[in-house]
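Shown next, in structure tokens, is the structure this report addresses.
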Amino acid sequence: MLTVHSPAHHLHHGVELKDGTVKPSFESPDRADTVLARVRASGLGPVAEAIAQPREALTDVHAPRYVDFLETAWAQWTATGRQHDALPLVWPVRGLPVTDEPQHIDGKLGFYAMDAGAPIGAGTWAAVRASADVALTALDALLDAPAGTGTGARGSFALCRPPGHHAARAYAGGYCYLNNAAIAAQRAVRRGARRVAVLDVDFHHGNGTQDIFYERADVLFASLHGDPARCYPYFAGQAGETGAGAGLGFNANYPLPWGTDWAAYVPVLDEALRRIRAHGTELLVVSLGVDTFEGDPISHFRLRSEDFLRLGERIAAAGLPTLFVMEGGYMVDEIGLNAVNTLLGFEGRG
Ligand code: OKP
Ligand code: ZN
């Protein structure tokens with residue numbers, strides 16, 4: 001299958017609060033470089049660079065003033081005399097009489113973020129925008145490809161970095177700024193898909209994707225993730241979150257226990273895929289996080305590298321045109337192997 005990427009991801013290399021000090025983020029440029037190297041070494045298929053996309057594709061999913069904030073935050077931050085990464089330190093939590101976006105950049109940072117996990121540096125906006133370009137370019141390539149004769153399970157791979165699934169309509173968080181999977185799913189709808197599904201297999205719940213589609217029936221969101229009672233993002237991802245309004249019944253969360261292995265994972269995966277087929281899905285977007293790997297430094301499932309081949313096979317069995325969008329995975333040495341194993345499994349090459 002085709003892989004789309006952008007070298008512009010190198011412009012983003014943020015910090016993270018770890019063990020009481022500021023360190024380089026787990027979400028590092030090496031991650032995407034390792035995946036791309038493995039794509040090339042494995043002979044997965046052709047590799048292309050992203051094509052720049054119109055801003056309207058972003059604001060079709062995100063609040064325009066949030067996109068404006070992302071674009072201008074670094075300039076506002078440096079105008080106050082600072083050159084290190086911008087991070088929020090105060091948030092409008094429940095109980096505060098929040099009125100509207102504050103004037104000062106330090107207030108805006110908290111207003112447009114769920115945590116201190118989405119640092120903004122000089123190159124962040126260019127990298128974030130390019131990551132959305134990657135998702136849209138890969139989606140267009142998938143929709144424009146000839147239908148073929150097989151099962152219908154054609155795929156393309158958007159090697160996005162930074163990731164996107166924690167980014168909601170109007171906030172960043174958890175290494176995410178623009179929701180690449182949601183932006184691509186929305187374009188699929190604009191291009192005529194009547195029913196789309198997003199399957200999120202990242203270890204962490206995709207609270208941003210859930211937020212964006214929560215009141216919509218045309219885009220089903222289904223997610224397998226660590227139980228938020230014990231796992232980030234803590235404040236979303238419970239099974240009782242099933243959608244609202246017209247979207248009631250079109251959000252499916254499958255929280256799983258700390259330490260879940262492939263044997264416990266696979267029946268739940270199959271149930272999510274059954275649900276996706278029952279939706280009448282015409283196009284599937286997979287938020288492909290490989291932080292479910294047993295060696296991941298910030299996650300707590302126990303999938304092994306060969307399990308990712310089986311993951312790809314089972315997704316392919318749904319028989320749908322499928323866009324894979326890279327999300328998390330922080331064991332840098334293994335992230336290429338595990339991501340590409342999923343794609344090879346999808347193609348029946350496992
Ligand atoms: C992003 B994605 C690590 C704490 C975890 C946030 C995790 C974001 C995961 N010190 N911080 O879903 O892979
Ligand atoms: Zn994750």
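Owing to the predicted nature of the structure, the values given are computational and were not obtained by experimental measurement. Ligands are counted one by one from 1 in listed order, and the atoms in each one are counted from 1 as well.
The closest donor-acceptor contact from the side chain of H205 to the backbone of Y254 lies at 3.5 Å or more, if one exists at all. Listed for the E282 side chain is no donor-acceptor partner under 3.5 Å among the backbone atoms of G280.
Aromatic ring centres of H166 and Y175: separated by at least 6.0 Å. Ring to ring, F221 and F213 are not that close: their centroids are 6.0 angstrom or more apart. Ring centers of F346 and F324: under 6.0 Å apart, within the cut-off.
There is no side-chain donor-acceptor pair under 3.5 Å between H225 and D200.
Among the atoms of H204, an N, O or S atom falls under 2.8 Å from the Zn ion (ligand 2). In summary, an N, O or S atom of D202 is located under 2.8 Å from the Zn ion (ligand 2).
Looking at D291, its N, O or S atom nearest to the Zn ion (ligand 2) turns out to be OD2.
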Check ligand 1 for N or O atoms under 3.5 Å from a protein N or O and list each pair with its distance.
from     : atom 1 : to   : atom 2 : distance (Å)
ligand 1 : 10 (N) : E16  : OE2    : 3.2
ligand 1 : 12 (O) : H165 : NE2    : 2.6
ligand 1 : 12 (O) : H166 : NE2    : 2.6
ligand 1 : 12 (O) : D202 : OD1    : 3.0
ligand 1 : 12 (O) : H204 : ND1    : 3.1
ligand 1 : 13 (O) : D202 : OD2    : 3.3
ligand 1 : 13 (O) : H204 : ND1    : 3.4
ligand 1 : 13 (O) : D291 : OD2    : 2.9
ligand 1 : 13 (O) : Y330 : OH     : 2.5

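Residues E306 and N341 have side chains not in contact (no heavy-atom distance under 4.5 Å, counting atoms from C-beta outward).
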